[in-house]
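Remarks on the structure that follows.
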Amino acid sequence: MKSKIWLSSPHMGNMEQVFVKEAFDTNWIAPLGPHVNGFEADLQGFTGAGHAAALSSGTAALHLALIMLGVKAGDEVICQSFTFSASANPIVYQGAMPVFVDSEKETWNMCPVALEEAIRDRMDKGKKPAAIIAVHLYGMPAKMDEIGAVAKKYDIPVIEDAAEALGSHIKGKMCGTFGKLNILSFNGNKIITTSGGGALVSEDGELIAKARFLATQARDNAPHYQHSHIGYNYRMSNVVAAIGRGQMVVLNDRVAARRANYDRYVRLFGEINAKGYHIELLPEPEGFFSNRWLTTVTIDPEKNMGIIREDVRLALEAENIESRPLWKPMHLQPVFADAPFYGDGTSERLFDQGLCLPSGSNLVEDDWQRIEAELLQLFV
Ligand SMILES: *Cc1c(COP(=O)(O)O)cnc(C)c1O
């Protein structure tokens, strides 16, 4: 059996183990310490965000964001439907109800028109949404100017789920700095990883200070253990943060490598499309910069001689090459069957026709030759 080519696997640099050893040498083996502070400073420096709190996961960061915006049982929260379930689950942790909004075709992220339609209809039905969760899927920034304008018009706070978009930006303004509270993830397959981890990012220092307080069991300032709030155990460990500091050293290289992957797929599918196929990639709109976390294609069988997405996925799998359908929209998930949805079928079509291709920053020439040979053979 040939070695497995992963969709996106961890890619360590030279400094991660140095920082981890330092944590051991100084016995900072705790959910606080100099690497946690250092990693937060690195994230602020990289994104230009005013404040960052390193947490145990992106999901925990989203949960805290909702708590701090006062989202409570019975509220409604608008969420992009085309995303990973972790974008929506924390809404339900709070006893609130997700209201799902479809994507537009240029970035595959939240459609500002459908967003406004959803807000108006929810208000007509008697409830103003408490927050909006916009996602930058696969690294492509959402249309934050338009989404922000709608949010401002109705005075609803925006949470940016930038879990997949560290290093992406719109005209130089980094993803993670558009919303009132924004989240990052460092899970195992993200563009950089700490094995598991996340962060909450904001311009509002008071909110971030409060997030740190809630994330460390909400202990009041007293010699004994005194509590006037319900707390959480959501802080990042100093050992995990050590990995993060090492990964920050190579983040720009990782973005460059992933973008080079995209360019190589553009050339490959250019060659394939010249044979009469019509496989589509997702170009960047003017002013948009994607970290190209994953390269994705859509395969419309009507334009590709009947070849469907699954044909491609299974052919790659037979060669031990991992690929994956695009996210199944949340409004089609059994667990969210009762949630309202506003849209025109865009995300459903993307799910039907879309595929994520191997996109690791650690792909080697030998991997590429296997991927290219298999795809060129499938699209004869
Ligand atoms: C990975 C991911 C999350 C969750 O982050 P974790 O750190 O795994 O909890 C949330 N939203 C999106 C879009 C993600 O891709």
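The model shown is predicted, which means the values in this text are computed figures rather than measured ones. Order of listing sets the numbers, starting from 1, for every ligand and every atom in it.
Counting only heavy atoms of the protein, atom 5 (O) of ligand 1 lies nearest to Ser185 OG, 3.2 Å. Counting protein heavy atoms only, atom 15 (O) of ligand 1 is closest to Glu164 OE2, 2.6 Å. For atom 2 (C) of ligand 1, the nearest protein heavy atom (residue, atom name, distance) is Lys190 NZ, 2.7 Å. Here the heavy atom of the protein found nearest to atom 11 (N) of ligand 1 is Asp161 OD2, 2.7 Å.
Taking every non-hydrogen atom of Gly58 and a distance limit under 4.0 Å, the qualifying atoms of ligand 1 come out as 5 (O), 6 (P), 7 (O), 9 (O). Near Gly197, meaning under 4.0 Å from any of its heavy atoms, are these atoms of ligand 1: 7 (O). Contact atoms of ligand 1 toward Asn187: 6 (P), 8 (O) (distance under 4.0 Å to a heavy atom of the residue). Every atom of ligand 1 is numbered from 1 in the order shown, and the set under 4.0 Å from a heavy atom of Ser87 is 11 (N), 13 (C). Applying the 4.0 Å criterion to heavy atoms of Val135 picks out, from ligand 1, the atoms 13 (C). The contact set between ligand 1 and Phe84, taken as ligand atoms under 4.0 Å from a residue heavy atom, comprises 2 (C), 3 (C), 14 (C). Listed by number with element, the atoms of ligand 1 under 4.0 angstrom from any heavy atom of Thr83 are 13 (C). When each atom of ligand 1 is checked for a heavy atom of Ser57 under 4.0 Å away, the hits are 7 (O), 9 (O).
With a 4.0 Å cut-off on non-hydrogen atoms, Thr59 touches ligand 1 through its backbone as well as its side chain. Neither the backbone nor the side chain of Leu62 comes within contact range of ligand 1; no heavy atom lies under 4.0 Å.
Pairs passing the ring pair (Phe, Tyr, Trp, His ring centres under 6.0 Å) check and including a residue from residues 8-37, sequence neighbours excluded, read Phe19-His35.
The aromatic rings of Tyr138 and Trp108 stand perpendicular to each other, their planes meeting at an angle above 60°, with 30° marking the opposite boundary. Using the six-membered ring where Trp is involved, Phe379 and Phe269 have ring planes that are perpendicular, over 60° apart on the 30 and 60° scheme.
Salt bridge Arg259/Glu284: present, at least one basic N to carboxylate O contact under 4.0 Å. The pair Arg349-Asp352 does not meet the salt-bridge criterion, since no charged nitrogen lies less than 4.0 angstrom from a carboxylate oxygen.
The six-membered or imidazole ring of Trp327 lies away from that of Phe82, with a centre-to-centre distance of 6.0 Å or more.
Side-chain contact check for Gln44 and Glu40: no donor-acceptor pair (N or O, by modelled atom type) lies under 3.5 Å. Side-chain atoms of Asp220 and Ser228 form a donor-acceptor pair, as typed in the model, at a separation below 3.5 Å. Of the N and O atoms on the side chains of Ser9 and Asn362, at least one donor lies less than 3.5 Å from an acceptor on the other residue.
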